[in-house]
Asks: 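Here's a structure for you.
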Amino acid sequence: MAITMDSAAIAAASKRRALGRDAAAIAVILVLAAVGYLLFPDNLALLTRLIAIALLVLSLDLVTGYCGVATLGHAALFGAGAYAAGIVSAHYGINDPLVMTVAGILGGAIAGLICGIVILRAQGLPQLVLSISLIYLFHEFANKASDWTGGSDGLSGISADPLLGLFEFDLYGHTAYIYAVALLLIILILLRFLVRSPFGMLCRGIKEDSLRIRAMGASPKAALIKMYVISGAVAGVGGALNAISTQVVGLDSLSFTQSAEALVMLVLGGTGSLFGALAGTVIFMLFEDYVSAANPFHWLTIVGALLILVVLFAPKGIYGTAAAYLARSGEARS
């Protein structure tokens, strides 16, 4: 009985520490968002774009970092959400940003279901090839369906009504940025509950040993498809946010380059960590923006050198390595 009570007390203390860390992380995000709003009032479009891509990287982390699914076609989910939000506005005149966001969620979730069913039929390298094939198929479909998507010219004619009927989407991007921060915080909180839930632990178990999970009576494929749908919904929010803020959707949202960069950002920050995905996105996009402005001819070389250094000396990613170092330091002090 005493051992059981001690175990319960340890579990409760661990839960309180985890909630405390989450609250501190959310507070840091709010502070950084406020600093960005105050210091870069003329560059809020970049910060809004950063948050949209961060949602894509978070969705990628769900299937790659937590489930171990190899994919280079995750931009298909992001682009599906963007086009879904853009189509309801441009073709149906539904300009409410909340409805457009819901359309993005549905578009991304459906794309996630399709991609999950196809990609999960293989493992390893064939799985990677299937994901690349899918992103090209989605890209070509959007290009050919020009009556709906605008083809290579992009989908224009998108507009957004005032948020909640009160806040206009102005040219400076103030409302879009605040809306983006709110979406990011809501999704981040929901995902923290998801990855710590029994379902999230099941997905981690599948990544470690799918045969053991199957022997326990669970279905790894069914769980992974569910996670793919959730991942698609998250990526769809990012795509919808991008469509709302820029009022145009181009084929680049469905490009292989977008998928590859998302994977690079995830590796840069650290896989299997939601905050690592956020950190990798912020570091990569801000570094890319400033380096390309400072040295437009050799910035790709500098970005490549940074990635090589991270992979060689911080294989868990920048955030993952820093978190592991702090954990070891805390254990040493105690």
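Numbers here are sequence positions counted from 1.
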Asks: Test your reading of the model: is there a side-chain donor-acceptor pair from Thr321 to the backbone of Ile318, 3.5 Å cut-off?
Replies: no
Asks: Check for a donor-acceptor pair, side chain of His139 on one end and backbone N or O of Phe256 on the other, with a separation under 3.5 Å.
Replies: no
Asks: Parallel, tilted or perpendicular for Tyr37 and His174, by the 30°/60° rule?
Replies: perpendicular
Asks: Is it true that a side-chain atom of Ser89 and a backbone atom of Gly86 form a donor plus acceptor pair closer than 3.5 Å?
Replies: no
Asks: Look only at the side chain of Gln127 and the backbone of Ala70, and say whether a donor-acceptor pair between them is shorter than 3.5 Å.
Replies: yes
Asks: Checking Asp61 side chain against Gly272 main chain: does a donor-acceptor pair fall under 3.5 Å?
Replies: yes
Asks: May I ask you to test the Ile119-Tyr228 pair for a side-chain heavy-atom distance under 4.5 Å?
Replies: yes
Asks: Measuring from atom CD1 of Ile302 to atom CG of Leu307, what distance do you get when rounded to the nearest 0.5 angstrom?
Replies: 12.0 Å
Asks: Is the backbone N or O of Leu241 less than 3.5 Å from a side-chain atom of Ser245, with the two atoms forming a donor-acceptor pair by type?
Replies: yes
Asks: Measuring from Phe141:CZ to Tyr83:OH, what's the distance to the nearest 0.5 Å?
Replies: 11.0 Å
Asks: May I ask you to test the Leu72-Ile135 pair for a side-chain heavy-atom distance under 4.5 Å?
Replies: no
Asks: Applying the side-chain contact (heavy atoms from CB on, under 4.5 Å) criterion to Leu77, which one of Ser259, Ser59, Ser231 satisfies it?
Replies: Ser231
Asks: Is a side-chain N or O of Ser133 found less than 3.5 angstrom from the main chain of Val129, in a donor-acceptor match?
Replies: yes
Asks: Could Lys144 and Glu140 be called an ion pair, given the rule that one side-chain N must be under 4.0 Å from one carboxylate O?
Replies: yes
Asks: Look at the side chain of Thr281 and the backbone N and O of Ala277, then say whether any donor-acceptor pair between them is shorter than 3.5 Å.
Replies: yes
Asks: Does the Tyr177 side chain pair with the main chain of Ala33, one donor and one acceptor, at a distance under 3.5 Å?
Replies: yes
Asks: Are the side chain of Asp96 and the backbone of Val99 linked by a donor-acceptor contact shorter than 3.5 Å?
Replies: yes
Asks: Relative to the ring of Tyr179, is the ring of Phe169 parallel (under 30°), tilted (30 to 60°) or perpendicular (over 60°)?
Replies: perpendicular
